[in-house]
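One structure is given here, and the rest of the page talks about it.
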Amino acid sequence: MSPLQDYGAWCLTGLVLCAALLLLRRPAARLIRLLLRSGAGLAVLALLAQAGQLTGISLGVNPVNALVLGVLGAPGFGLLLMLRLMLR
């Protein structure tokens, strides 16, 4: 390949990547926000597991519970507690 063809291929690849980023900007931002919120939910679950003996509240520290907390927030925490009480 000549240097001109190589340069053209890199430019085309860059344009395709830019177009893909523009098209997927909103879904990617939502996914990143969900991951951050789920990470915060996982941290809350881990803290709750540490203080669970003092408060008497215990939930499993797992990705499903973290995802519920990431999507629903504080109401999701109440939902998980009610579900745990119902299944006991």
Side-chain angles (χ1 to χ4, degrees):
M1 278 173 96
S2 71
L4 187 58
Q5 287 176 336
D6 196 32
Y7 178 71
W10 280 106
C11 286
L12 182 62
T13 302
L15 287 174
V16 168
L17 284 175
C18 287
L21 286 174
L22 284 173
L23 288 174
L24 298 175
R25 181 177 44 192
R26 277 196 182 139
R30 288 180 182 167
L31 181 64
I32 289 170
R33 187 173 62 211
L34 177 64
L35 289 174
L36 289 174
R37 289 180 62 151
S38 295
L42 191 63
V44 167
L45 286 171
L47 288 173
L48 184 66
Q50 297 295 323
Q53 292 179 358
L54 297 173
T55 61
I57 299 171
S58 65
L59 287 172
V61 181
N62 58 47
V64 174
N65 286 350
L67 187 62
V68 169
L69 288 178
V71 171
L72 299 176
F77 181 72
L79 176 71
L80 288 172
L81 286 176
M82 287 190 320
L83 186 63
R84 178 163 169 73
L85 288 173
M86 288 177 61
L87 294 177
R88 207 183 259 190

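These figures come from a predicted structure and were not determined experimentally. Starting from 1, each residue takes its place in the sequence as its number. Atom set for the values below is all heavy atoms of this structure, side chains included, hydrogens, waters and symmetry mates excluded.
The hydrophobic cluster containing L79 also contains L34, counting ILVMFWY residues as joined when their side-chain heavy atoms lie under 4.5 angstrom apart, directly or transitively.
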Could you walk me through whether F77 and L48 pass side-chain contact (heavy atoms from CB on, under 4.5 Å), step by step? CA-CA 11 Å; F77 181 72; L48 184 66; 3.5 Å; yes

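Pairs passing the side chain to side chain donor-acceptor pair (under 3.5 Å) check and including a residue from residues 25-44, sequence neighbours excluded, do not occur.
Hydrophobic cluster membership for L36: I32 (Ile, Leu, Val, Met, Phe, Trp, Tyr linked by side-chain heavy atoms under 4.5 Å, directly or transitively). The hydrophobic cluster containing L83 also includes L87, under a criterion of side-chain heavy atoms closer than 4.5 Å among ILVMFWY residues, counted directly or through chains of members. Taking a 4.5 Å side-chain heavy-atom cut-off between Ile, Leu, Val, Met, Phe, Trp and Tyr, the cluster of M82 contains only that residue.
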Would you tabulate the side-chain donor-acceptor contacts of residues 53-71 under 3.5 Å, counting partners in other chains and residues two or more places apart, or write 'none'?
unit_1 : atom_1 : unit_2 : atom_2 : d
T55    : OG1    : A51    : O      : 3.2
T55    : OG1    : I57    : N      : 3.3
S58    : OG     : R84    : NH2    : 3.2
N62    : OD1    : V64    : N      : 3.3
N62    : OD1    : N65    : N      : 2.8
N65    : ND2    : G60    : O      : 2.8

